Amino acid sequence: MPPFLPHPTACATNSTSRPAPPAACGLLDAIPRRNTKLEPRRSRRQGGRITTSCSSYTMSAAQDLIADAPTPRAFSALFKAASSAASPSPYLGAQLHAQAVVRGFLGDGDNTILYTAILNFYASCREPDLARQVFDAMARRNAVTWNTLIKGYAQAGRREEALKFFRDMRRQGHVAPDKYTFPALMSGIGREHCGGCMQELGGATHAQVIKSGLHNDPFVGASLVSMYAATGALEDVKLVFDDVDTLDPVVWSSMISAYDNCKEEEGALLTFYDMLCRDIKPRQFVYSSMFAICGSMSLLEMGRQVHAHSLKNINDKDAAMTNALLTMYSDCGCINYAWRVFNSNNIVDVISYNSMILALGQHGSPKEAIELFRQMKFSGLVPDEVTLLNLLSAFNHAGLVHEGLHIFGYMLETEDVKPTYQHYACVIDMLARSGEIKEAMKTIIEMPFEAETPLWRIVLGACSKHHDIGTGLKIAEMLFEMEPYEATNYILLGNIYTRLGRWTEAENIRSVMDKRGIYSDDAFSWIEIGRMTHRFGVADRSHPISEEIYRNLDRLIGSIKAAGYVPDVSFAAHNIEKDRREESLHYHCEKLAFAFGDLASSSGDTLRIMKNLRVCGDCHSAYKYFSLITGRKIILRDNHRFHHFNNGACSCGDYW
DNA sequence: GTAGGGTTAG
C-alpha cells in the first residue's frame, strides 16, 4: 500500500530571491529564539553557579552539589541524569565538566567511571567529537568506555567512524566486544542512510555476532532485526527473528517495526496478533508502532482496538506512545479524537505540539494551528525546525501565502531556526500552487540547494493548474531527461494538455508511455465499514454487491446533476474516447467507494474514505454535491491531505 | 543516586 501524507519534498533559495516579507501580522512575537534555550542561565542569588534547567533531578542534584561537599560519585550521577534529559545541553555539560576538573576529580587515581559518564553525556548530546576528546584524555578505558564512544558516533549518523572504533576496540584497546557493543554499533540504524558502510555492517557484523556467541541476546537480536530492516532485507530479518529468544518483547517490537519499514504493514499486524496469542505483553514501543501502522493504513477500527488494548496493559503513559496515538487518530480522519488525546496528555512535549500542528494543517485548520503554536510558546517550549515546517505546511494547505512568506522571511533573517531543504520546498510549493510560478522558479534557481525531481514535479503540477504551458514544457523536458521512466512526469504533462483541451497531444503522451513500457500507479479508494475494509479500483466490478453499488452510483449522479453538478471531462483519463469521457468519470474509484459507503451505512453517518493518489478534481466537485444531497459528512483522505465535506462545501475551500 | 544496550512519535 502506498505511503500517505508525506511531508512536502524540498529545496532552497538565498535571501535576495525571496519576495519581500509582508508587514508584521502579529506572528513575529511567536517565533522562537533558540539562543535562549542553549545558553545556561546564571543566577545572581547563587553566586553565578550552575542553575540551568535540564531535568528536575539534575536541578536538585546540582544544588546539592553546590551546598554539600561533592564527590566523584555525585558527579557521575549528575552526568547520568543530565544525559537522560529530552534534549541534553552541551553547555551544561561543559560547565559540569569544568567543575569536575577544578575539583581534581579527573586527575590521578581511578576515574574511569566518571570519565565514561562525561563521555556518555557528550555522546547523548550528539556531539561525538567532544566525546572523543574525553576518550583521548582517559588513562584507562574499558568495554563500557569503548561502547559508549561507538554509540556516540553511530547515533550521530557517523557510521564509518563508529565502525573504525569498533575495529580499534579489539586491535588497539585489546577489549573484546560484548553484548552492549553490537547494539551500540547498530544503534539509530533506521534513521539514516548508511551508504557504502552498510555492506560491512550487514553480513560481517552478523557474522561477528555469531562468532561472539551473542546471537541469542534479545538486544543484539533487536539490533540485527532493525539493521536488516533498514536495507529492506525482510528475509534476513525473519531469519534473525527465528534465531533469538522469541519471548522477549523487545525483539517482537523490532520485528513489528521491521515489517513497517519494509512496507509490509499486514505482516506487522499479524506479528502483533501472534504476540498476543503467545501471551507476550506488549510494551509502549509496540503500541507506538501499531498506532503508526493503523494510521498509515487508515484503519480506524483496528486502531481503536489497539488503543483499548493499550489502556488495559499500560499504566505509565509514555510521551512517544501518546503522540503516536494522536497521529493515528488524525491519520484516520478523526481530528476530534486527536484533540482529545492531546488535551488529556500529561506529558506534552515539542513533538506533541508538532504532531497536533501537523494534524491541524492536514485537516485544513490553519487558525487553530497558529493558535496552538502561540500556546506552545506560552508554555515555555521552544519550537524547532519541524514546528515551523508544520506551520508553513498548514499555511500552504490553506493557501495562506502571505502568512507563510512572513514566517519564512523571519527564518531567513534570524539565526533561530535556519530553513532546511524542506522549508524551501514547502514555500516553493506554496508559491507555485497559488499561481506565483515565476516567483517559485526564481526561488528554485537562486536557492542554495539543488532542486530534486519531486520539487520540480510540484511546480509542474502547478503549471497544469494555472495553465502555464511554456514553463510546464520546459520542466517536463528536464524531468524526462533526469527520470525517463517516472510515470508521474508523463501524467502531469498529459494533464496540462487535457486541461487545455488538447486531447491529441495528451493521447500522444499516453502512447509514448505505452511504447516505453511505463505504467503509472493504479488508483484505489477504500472505506472501512464495521470491521471490513472495502477497496475499489477504477471502474471496479469485483465487489460482491457491485451491481447494487453501480445502481446507487447512477442514482446519486442523477441527483447531484439535478442539484447543479456539472461533470468536468478535463479530469478524464487521456486515452478515453470523446463520447465516453463523461461516463468514465462516474466510475472513478472514490465515487464507487462513496456509493458503497452510502449503501452500507445508516443514513446520516459520517463516511471516511481513503485514496492512494490525489483526489480527482471532478470527484472533489461530486463529493461536495454528495454531502449536500445525502446530508452526510464525508472525510476524504488522499495522499496529500484531508478534505472534510459537509453541506455542499469542502474544508479545503477548493484550494488543494 | 558512581558509567554503557534495542524498538517508537514530527
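To find a chain, count down the sequence lines: A is the first, B the second, and so on, and within it residues start at 1. Just so you know, these numbers come straight off a predicted model, no measurement behind them.
Within 4.0 Å (heavy atoms only), A/I351 reaches at least one base atom of the nucleic acid. When heavy atoms are screened at a 4.0 angstrom cut-off, A/N120 is found touching the sugar-phosphate backbone but no base atom. Among the heavy atoms of the strands lying under 4.0 Å from A/S254 are primed sugar atoms or P, OP1, OP2 only; no base atom is included.
The nucleotide whose nearest atom lies closest to any side-chain atom of A/A143 is, among B/dG1, B/dG4, B/dA9, B/dG4. Residue A/A77 has its side chain nearest to B/dG1 when only B/dG4, B/dG1, B/dG5 are considered. In the set B/dA3, B/dG5, B/dG10, B/dG5 carries the atom at the smallest distance from any side-chain atom of A/F219. Here the nucleotide nearest the side chain of A/I113, chosen from B/dA9, B/dA3, B/dT7, is B/dA3. With B/dA3, B/dA9, B/dG10 as the candidates, the nucleotide lying closest to the side chain of A/D349 is B/dA9. Of the candidate nucleotides B/dT8, B/dT7, B/dA3, B/dT8 has the atom nearest to the side chain of A/S289. Nearest to the side chain of A/V386, among B/dA3, B/dT7, B/dG10, sits B/dG10. Taking every side-chain heavy atom of A/A320 into account, B/dT8 is the closest of B/dA3, B/dT8, B/dG4.
Side-chain contact of A/Y287 with A/H307: a donor-acceptor pair under 3.5 Å is absent, judged by distance alone. Under the 3.5 Å distance criterion, with hydrogens and angles disregarded, no donor-acceptor pair is assigned to the side chains of A/N354 and A/N390. Looking at A/S257 and A/S289, their side chains do bring a donor and an acceptor atom within 3.5 Å of each other. In this model, a donor atom of one side chain and an acceptor atom of the other lie less than 3.5 Å apart for A/Y337 and A/R304.
Note on A/R141 versus A/D168: no salt bridge recorded, every NZ/NE/NH1/NH2 to OD/OE distance being 4.0 Å or above.
Distances shorter than 4.0 Å separate none of the side-chain N or O atoms of A/K179 from OP1 or OP2 on B/dG5. At the phosphate of B/dG5, OP1 or OP2 sits under 4.0 Å from a side-chain N or O atom of A/K151.
Per the geometry, CG belonging to A/L106 stands 13 Å off C1' belonging to B/dA3, to the nearest Å. Rounding to whole angstrom units, OH of residue A/Y259 and P of B/dT7 are separated by 18 Å. Counting to the nearest Å, the C1' atom of B/dG4 and the CG atom of A/L119 are 10 Å from each other. Computed from coordinates, the A/D260 CG to B/dA9 P distance equals 8 Å when rounded to whole Å. Between A/F285 atom CZ and B/dA9 atom P there is a gap of 10 Å when expressed in whole angstrom units. At whole-Å resolution of the value, CG in A/D331 and P in B/dA9 are 12 Å apart. Whole-Å rounding puts the A/F121 CZ to B/dA3 P distance at 15 Å. One can place CG of A/N345 at 15 Å from P of B/dG10, the figure rounded to the nearest angstrom.
Applying the side chain to side chain donor-acceptor pair (under 3.5 Å) test to residues at least two apart or on different chains, the pairs with a partner in residues 267-286 of chain A are A/D274-A/R278.
Under 3.5 Å, the side chain of A/N142 and the base of B/dA3 form at least one donor-acceptor pair of N or O atoms. You'll find a donor-acceptor pair under 3.5 Å spanning the side chain of A/D178 and the base of B/dG4, going by distance alone. Contact of A/S253 with B/dT7 (side chain to base): a donor-acceptor pair of N or O atoms is detected under 3.5 Å. At a cut-off of 3.5 angstrom, the base of B/dG5 holds at least one donor-acceptor pair with the side chain of A/D217.
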